[in-house]
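Take a look at the structure set out below.
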Amino acid sequence: MKNQEYYERLFEPYPDVVTLDEFRAMLGGINEKTARKILHGKHIKYFFIRNTYRIPKVWVIEYVLSDHYAQYRQELKAQV
């Protein structure tokens, strides 16, 4: 629960529903292709409305607390 509160405070400046660009920024500036891969891999829930991805902030927080995101972060550290 402590981690969830941390991310709620960290993402407080973002709106309740974010766009793809805001989602990318929330994950540390990942590129667009990687963000789309995460979305299309069904690792995070989203809405696609009028050619725009819409992701509720609570779902972003769920994702960053998920096992998939932890694995992604480990792979990223191994490449650096």
Side-chain angles (χ1 to χ4, degrees):
M1 190 64 173
K2 196 174 200 178
N3 287 336
Q4 184 170 353
E5 292 171 3
Y6 168 77
Y7 285 112
E8 286 172 358
R9 275 188 268 122
L10 182 67
F11 297 151
E12 193 172 356
Y14 292 96
D16 290 337
V17 178
V18 298
T19 63
L20 184 63
D21 288 337
E22 291 166 329
F23 173 65
R24 292 173 49 213
M26 291 168 91
L27 295 187
I30 63 173
N31 72 26
E32 187 172 341
K33 186 176 179 181
T34 303
R36 288 176 186 270
K37 204 182 266 189
I38 291 169
L39 294 176
H40 293 290
K42 299 186 180 185
H43 300 291
I44 186 170
K45 298 180 266 184
Y46 65 90
F47 297 106
F48 191 71
I49 303 170
R50 295 185 183 174
N51 298 326
T52 305
Y53 292 98
R54 300 290 180 180
I55 310 155
K57 185 169 40 176
V58 294
W59 291 351
V60 176
I61 293 170
E62 282 179 19
Y63 175 68
V64 297
L65 295 173
S66 73
D67 292 335
H68 182 267
Y69 184 71
Q71 181 182 1
Y72 165 75
R73 295 289 294 171
Q74 282 294 66
E75 290 172 6
L76 188 63
K77 287 179 184 175
Q79 293 176 2
V80 174

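Counting heavy atoms from C-beta outward, Leu27 and Ile38 have side chains that approach closer than 4.5 Å. Within the 4.5 Å cutoff, side-chain heavy atoms of Glu62 are placed close to those of Lys45. Using a 4.5 Å heavy-atom cutoff, the side chains of Pro56 and Tyr46 are not in contact.
Applying the ring-ring contact (aromatic ring centres under 6.0 Å, His included) test to every pair with at least one member in residues 10-33, sequence neighbours left out, gives these pairs: Tyr7-Phe11.
To the nearest 0.5 Å, atom CZ of residue Arg36 and atom CD of residue Glu32 are 4.5 Å apart. To the nearest 0.5 angstrom, Glu8 atom CD is 5.0 Å from Ile61 atom CD1.
Here the shortest heavy-atom pairing between Val17 and Glu22 reads O-OE1, 4.2 Å. Closest non-hydrogen pair, Ala35 versus Leu20, comes out as CB-CD1, 3.8 Å. The heavy-atom pair separating Ile44 from Ile55 by the smallest distance is CD1-CG2, 3.8 Å. Taking every heavy atom of both residues into account, Leu39 and Tyr53 meet most closely at CD1-CD2, 3.6 Å.
His68 pairs by the ring-ring contact (aromatic ring centres under 6.0 Å, His included) definition with His43, Tyr63, not counting sequence neighbours.
Thr52 places a side-chain N or O within 3.5 Å of a backbone atom of Arg50 that can act as its donor or acceptor partner. Proximity of a side-chain donor or acceptor of Arg24 to a complementary backbone N or O of Ile30 within less than 3.5 Å is detected.
More than 12 non-hydrogen atoms from other residues, nucleotides or ligands lie less than 6.0 angstrom from CG of Asn31.
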